[in-house]
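Here is the structure we will look at.
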Amino acid sequence: MNYIWENILKKNRKKDSLRTCLKLNYLFQDLSNRELDLVANIIHKRTFHTGEPVFHQGEIGVGMYIIMRGSVDIYLHDNQRMDQQEKIFVTRLEAGDFFGELALIEDNSIRTATAISQTESLLIGFFRPDLLEIVNRSPSCGSKIILRLSEVLGRRLIETTDRVSELGKELKELQAFTNEESLGNKTPFT
């Protein structure tokens, strides 16, 4: 008899931990308990093994992932050296982080990086068809998610623009220094 109760309690704990993970995620934090249940019944959970790719740069993306447990490394490949498998480490994401969200709004989105599970990781997949189903079933819930998604994408665009500006300034400084060196404008020692 205890076995039956343990299964019921474990099932509720799993549901609560999934709902907690979703509630802590920026995209879903404004949802009511009923809306969280709707999302929890639509999303997909999958375990990735250490070193297993979640997706590769250049593939068509269909959605985003939330890290429920574990960590995922993000890499860029040099497009001219893809055959040599040279990759540039970008960042390590951990429990609570999410990635790939551009695929939720862009039809036939091309992955701009490669994601590889660094450890045994449990990921929540939230895909474009899932979002469209939520929008159709509960427009209010869908609107809340899309609004948060827009905020995330806007923030990331601003961060990217700022970083490109910084790199542009660094490049100009480097070019100016290189031009001075090539022209022989060195200050003589006295």
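Start at 1 with the first residue, then count along the sequence.
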- Item | Check: R92 side chain, V72 main-chain N or O, donor-acceptor pair, under 3.5 Å | no
- More than 12 foreign heavy atoms under 6.0 Å from CZ of F177: is that the case here? no
- Item | Residues E166, R163: salt bridge by 4.0 Å N-O rule | yes
- Message: Could you walk me through whether H77 and E86 satisfy the side chain to side chain donor-acceptor pair (under 3.5 Å) test, starting with their C-alpha distance in whole Å, then the side-chain angles of each, then the deciding distance to 0.1 Å, before giving a yes or no?
- Response: CA-CA 6 Å; H77 293 277; E86 184 166 328; over 6 Å; no
- Message: Check for me, please, whether L24 and M68 land in the same ILVMFWY cluster - side-chain distances under 4.5 Å, paths through other members count.
- Response: no
- Item | Nearest-0.5 Å distance, CD of residue E59 to OG1 of residue T114 | 7.5 Å
- Message: Would a single hydrophobic cluster contain both L122 and I67, if residues Ile, Leu, Val, Met, Phe, Trp and Tyr are joined by side-chain heavy-atom contacts under 4.5 Å?
- Response: no
- Between R148 and E151, does at least one N-O distance fall below 4.0 Å, as a salt bridge requires? yes
- Evaluate the side-chain proximity of S143 to L147: yes if any heavy-atom separation is below 4.5 Å, no if none is. no
- Item | Considering all heavy atoms, the nearest S121-G70 contact | OG-CA, 3.6 Å
- Task: First locate atom CD of Q118, then atom CD of E94, and finally report the distance between them rounded to the nearest 0.5 Å.
- Result: 9.5 Å
- State whether the side chain of N136 and the backbone N or O of E133 hold a donor-acceptor pair below 3.5 Å, judged by distance alone. no
- Message: Could you measure the distance from the OH atom of Y26 to the CZ atom of R155? Nearest 0.5 Å is fine.
- Response: 5.0 Å
- Considering non-hydrogen atoms only, spot the tightest contact between L27 and N25 and give its length. N-OD1, 2.9 Å
- Minimal non-hydrogen separation, E106 against R128, with atom names: N-NH1, 3.8 Å
- Anything under 30° is parallel, anything over 60° is perpendicular, the rest tilted; go ahead and classify F99 against F55. tilted
- With a 4.5 Å limit on heavy-atom distance, are the side chains of L174 and E170 in contact? no
- With the 4.5 Å side-chain cut-off for hydrophobic clustering, are L104 and I43 part of the same group? yes
- Message: Please check this pair: side chain of S140 against backbone of S138, looking for a donor-acceptor N/O pair closer than 3.5 Å.
- Response: no
- Task: Using the ring of F98 (Phe, Tyr or Trp, six-membered ring only), decide whether R156 places NZ or CZ under 6.0 Å from its centre and within 45 degrees of its axis.
- Result: yes
- Full working for side chain to side chain contact (heavy atoms under 4.5 Å, CB included) between L153 and L157: CA-CA 6 Å; L153 294 173; L157 179 60; over 6 Å; no
- Task: Output the distance between atom CG (D130) and atom NE2 (H44), rounded to the nearest 0.5 Å.
- Result: 3.5 Å
- Check step by step if side chain to side chain contact (heavy atoms under 4.5 Å, CB included) holds for L171 and Q175. CA-CA 6 Å; L171 181 60; Q175 287 172 335; 4.0 Å; yes
- Given the rule in the side chain to side chain contact (heavy atoms under 4.5 Å, CB included) test, do F126 and I134 qualify, once you have shown the distances and angles that lead to the verdict? CA-CA 11 Å; F126 183 60; I134 290 170; 3.7 Å; yes
- Message: Looking at every heavy atom in both C141 and L38, which two are closest together, and how far apart are they?
- Response: SG-CD2, 4.4 Å
- Message: If I compare all heavy atoms of L18 with all of K45, which pair ends up nearest, and what's the gap?
- Response: CD1-CD, 4.1 Å
- What pair of heavy atoms forms the shortest contact from R111 to V62, and how long is it? NH2-N, 3.7 Å
- Message: Same cluster or not: V152 versus I74, using hydrophobic residues (I, L, V, M, F, W, Y) connected whenever any side-chain heavy atoms lie under 4.5 Å apart?
- Response: no
- To the nearest 0.5 Å, tell me how far I88 CD1 sits from L76 CG. 6.0 Å
- Query: CZ of R137 to CG of N41: how many Å apart, nearest 0.5 Å?
  - Reply: 7.5 Å
- Query: Same cluster or not: are Y75 and M64 linked, directly or through other Ile, Leu, Val, Met, Phe, Trp or Tyr residues, by side-chain heavy atoms under 4.5 angstrom apart?
  - Reply: no
- Message: Using side chain to side chain contact (heavy atoms under 4.5 Å, CB included), reason through L31 and I145 one step at a time and then give a plain yes or no.
- Response: CA-CA 8 Å; L31 303 185; I145 295 169; 4.2 Å; yes
